[in-house]
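Quick notes on the structure that follows.
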Amino acid sequence: MAAPTSTDGLQFFNLTQEWGHGMPEWPSTPSLDFHIRQFHAKDGVFVTEFDGIMHRGTHMDAPVHVLANQPYITDYQLWRFFGTGVAVSIPKGKWEVITAEDLENARPRIQPHDIVMINTGSHRLWGDNDDYFAHGTGLYKEAAEWLVEKRVKLVGVDVQALDHPLGTKIVAHGPGPSHPHIMEEYKAETGRDVMEDFPFWEASHKTLLPNGIPGIENVGGELDEVTGKRCTFMVFPWRYPQGEGCAVRITAILDPSQTYRIETGE
């Protein structure tokens with residue numbers, strides 16, 4: 001039977017946050033500036049220019065972002081960016097951690113070689129606010145180790161970073177604390193020292209990425225519509241030599257009729 005050329009029977013879902021002027025940014029130096037250079041009334045064309053970094057919005061990190069002498073974006077093999085996987089629901093609240101047990105119990109079950117998209121519910125808080133960036137949930141060392149042992153293909157999560165916010169420079173990690181009031185708030189609410197509860201700096205980054213597993217931050221869009229489903233995913237960065245990160249567009253695809261086939265090349 002010849003492979004159909006129409007995609008009419010497929011369902012496409014956007015899992016990417018909007019990117020552009022005024023978008024929410026991770027709480028460090030503002031890093032996106034947009035300028036209109038040409039416009040129709042004057043020039044007959046429309047051209048914008050931007051100056052910024054790739055670590056904003058829905059984006060992928062490369063190992064060299066967090067560790068020296070490590071691979072760049074173009075060192076990921078293309079097969080990492082396409083394939084079968086799951087969108088799983090792991091609801092979490094303020095400062096809760098996505099655990100290895102959460103991943104083990106997630107349904108549909110996470111299988112080796114899956115692309116994994118994690119829905120904590122945080123993408124609904126996406127905005128210029130502490131609820132999303134400083135009070136959020138996230139992966140940490142044990143969950144990242146579980147994903148490596150499971151040999152997944154790629155991981156995306158609907159939170160501010162590949163790591164829990166209390167595993168970043170928001171508290172006293174790396175060049176931090178950029179938000180000392182968050183350390184005080186954590187102590188007041190829990191009675192514990194944040195640095196004892198979160199002793200590792202970006203442990204999820206430093207576990208997943210050097211093991212060849214791309215990590216995607218700020219997953220969003222229509223994530224809720226595919227959560228609880230096994231899907232086909234496509235998520236491609238630029239061909240960007242020496243890129244330490246890159247904006248991406250994530251698409252989830254369902255084929256209810258199971259009639260579409262990829263061409264054989266003949």
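No side-chain N or O of Glu202 forms a donor-acceptor pair with one of His173 less than 3.5 Å apart. Neither side chain, Asn119 nor Ser89, offers a donor N or O lying under 3.5 Å from an acceptor on the other.
Side-chain N or O atoms of His179 include none that pairs as donor or acceptor with a backbone N or O of His181 at under 3.5 Å. Remark: side-chain polar atoms of Thr84 are not paired, donor with acceptor, to backbone N or O of Thr232 under 3.5 angstrom. Using modelled atom types, one side-chain atom of Lys92 and one backbone atom of Val97 make a donor-acceptor pair closer than 3.5 Å. Without hydrogens or angle criteria, Glu225 side chain to Glu222 main chain gives no donor-acceptor distance under 3.5 Å. Here the side chain of Ser204 pairs no donor or acceptor atom with the backbone of Leu139 at under 3.5 angstrom. For Arg249 (side chain) and Met234 (main-chain N/O), no donor-acceptor pair under 3.5 Å exists by modelled atom type.
Partner of Val235 under the side-chain contact (heavy atoms from CB on, under 4.5 Å) criterion, chosen from Thr251, Thr16, Leu15, Leu154: Leu154. When Val219, Leu125, Asp158, Leu223 are each tested for a side-chain contact (heavy atoms from CB on, under 4.5 Å) with Thr120, only one passes: Asp158.
Residue pairs meeting the ring pair (Phe, Tyr, Trp, His ring centres under 6.0 Å) criterion with at least one partner in residues 93-112, sequence neighbours excluded, are Trp95-His135, Trp95-Tyr186. Residue pairs that meet the salt bridge (charged side-chain N to carboxylate O under 4.0 Å, His left out) test with at least one member in residues 112-125, sequence neighbours left out, are Asp114-Arg230, Arg124-Asp224. Sequence neighbours left out, the pairs with a member in residues 138-158 that pass ring pair (Phe, Tyr, Trp, His ring centres under 6.0 Å) are Tyr140-Phe198.
Around atom CG of Asp128, no more than 12 heavy atoms belonging to other residues, nucleotides or ligands sit under 6.0 Å away. Residue-environment remark: CD (Glu101) stays at or below the threshold of 12 foreign heavy atoms within 6.0 Å. Residue Glu18 places its CD atom among 12 or fewer non-hydrogen atoms of other residues, nucleotides or ligands, all under 6.0 Å distant. Within 6.0 Å of CG on Leu10 lie more than 12 heavy atoms contributed by other residues, nucleotides or ligands.
The CG atom of Leu103 lies 5.0 Å from the CD1 atom of Ile118; values are rounded to the nearest 0.5 Å. Between the CD atom in Gln77 and the CZ atom in Arg80 there is a gap of 9.0 Å [rounded to 0.5 Å]. For the atom pair NE2 of His65 and CE of Met60, the computed distance is 13.5 Å after rounding to the nearest 0.5 Å. Between atom CG of residue Leu32 and atom CE of residue Met54 there is a gap of 9.5 Å, rounded to the nearest 0.5 Å. Once rounded to the nearest 0.5 Å, the distance linking CD1 of Ile90 with CZ of Arg107 reads 11.0 Å. The CD1 atom of Ile250 lies 8.5 Å from the CG atom of Asn14; values are rounded to the nearest 0.5 Å.
The shortest distance between side-chain heavy atoms of Val157 and Glu217 does not fall below 4.5 Å. Counting heavy atoms from C-beta outward, Val171 and Met195 have side chains that approach closer than 4.5 Å. A 4.5 Å side-chain heavy-atom check between Asn105 and Asp102 finds every atom pair outside the cut-off. Contact check for Lys229 versus Val86: no side-chain heavy atoms found under the 4.5 Å cut-off. Between Leu162 and Leu208, some side-chain heavy-atom pair lies under the 4.5 Å cut-off. Contact check for His59 versus Trp19: no side-chain heavy atoms found under the 4.5 Å cut-off. Contact check for Phe236 versus Phe82: side-chain heavy atoms found under the 4.5 Å cut-off. At least one side-chain heavy atom of Thr137 sits under 4.5 Å from a side-chain heavy atom of Ser122.
Residues Leu78 and Tyr72 do not share a hydrophobic cluster, clusters being chains of Ile/Leu/Val/Met/Phe/Trp/Tyr side chains in contact below 4.5 Å. There is a path of hydrophobic side-chain contacts, each under 4.5 Å, that joins Ile182 to Val194. In the hydrophobic cluster analysis, where Ile, Leu, Val, Met, Phe, Trp and Tyr join through side-chain heavy atoms closer than 4.5 angstrom, Tyr76 is grouped together with Val148. Phe81 and Ile262 end up in the same hydrophobic cluster when Ile, Leu, Val, Met, Phe, Trp and Tyr side chains are linked at under 4.5 Å. In the hydrophobic clustering of this structure, Met117 does not group with Trp126; members are Ile, Leu, Val, Met, Phe, Trp, Tyr whose side-chain heavy atoms approach within less than 4.5 Å, directly or through other members.
The two residues Pro71 and Ala62 have their closest heavy-atom pair at O-CB, 3.8 Å. Closest non-hydrogen pair, Gly85 versus Phe233, comes out as C-CE1, 3.5 Å. A pairwise comparison of heavy atoms in Lys153 and Trp79 identifies CD-O, 3.2 Å as the closest pair. Counting all heavy atoms, side chain and backbone alike, Phe200 lies closest to Ala203 at CB-CB, 3.7 Å. For the pair Thr74 and Tyr240, the tightest heavy-atom approach, listed with the atom from each and the gap, is CG2-N, 3.2 Å. Contact detail for Gly57 and Asn218: the closest heavy-atom pair is O-ND2, 2.7 Å.
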List the atom pairs, with distances to 0.1 Å, where a side-chain N or O of residues 20-27 and a protein N or O form a donor-acceptor pair under 3.5 Å, not counting sequence neighbours.
residue: Glu25; atom: OE1; partner: Ser31; partner atom: N; Å: 2.8
residue: Glu25; atom: OE1; partner: Arg56; partner atom: NE; Å: 2.8
residue: Trp26; atom: NE1; partner: Gln160; partner atom: OE1; Å: 2.6

Side-chain polar contacts of residues 241-248 - donor-acceptor pairs under 3.5 angstrom, sequence neighbours left out - could you list them?
residue: Glu244; atom: OE2; partner: His55; partner atom: NE2; Å: 2.8

Throw together a table of side-chain donor-acceptor distances under 3.5 angstrom for residues 42-49, partners on residues two or more places apart or in other chains.
residue: Asp43; atom: OD2; partner: Phe39; partner atom: N; Å: 3.0
residue: Glu49; atom: OE2; partner: Arg37; partner atom: NE; Å: 3.2
residue: Glu49; atom: OE2; partner: Arg37; partner atom: NH2; Å: 2.9

Set out, in order, the CA-CA distance, both residues' side-chain angles and the distance that settles side chain to side chain contact (heavy atoms under 4.5 Å, CB included) for Gln11 and Val226, then state yes or no.
CA-CA 10 Å; Gln11 298 173 357; Val226 296; over 6 Å; no

(request) Evaluate the side chain to side chain contact (heavy atoms under 4.5 Å, CB included) criterion for residues Arg109 and Glu104: first the C-alpha distance (whole Å), next the side-chain angles of each, then the deciding distance (0.1 Å), finally the verdict. (result) CA-CA 7 Å; Arg109 187 179 294 278; Glu104 181 66 41; 3.5 Å; yes

Given the rule in the side chain to side chain contact (heavy atoms under 4.5 Å, CB included) test, do Leu67 and Lys206 qualify, once you have shown the distances and angles that lead to the verdict?
-> CA-CA 7 Å; Leu67 293 168; Lys206 293 173 182 177; 4.2 Å; yes

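We find that Lys94 and Asp131 are not joined by a salt bridge, their nearest charged nitrogen and carboxylate oxygen being 4.0 Å or further apart. In this structure, Arg192 does not pair ionically with Glu196, as no charged nitrogen and carboxylate oxygen lie closer than 4.0 Å.
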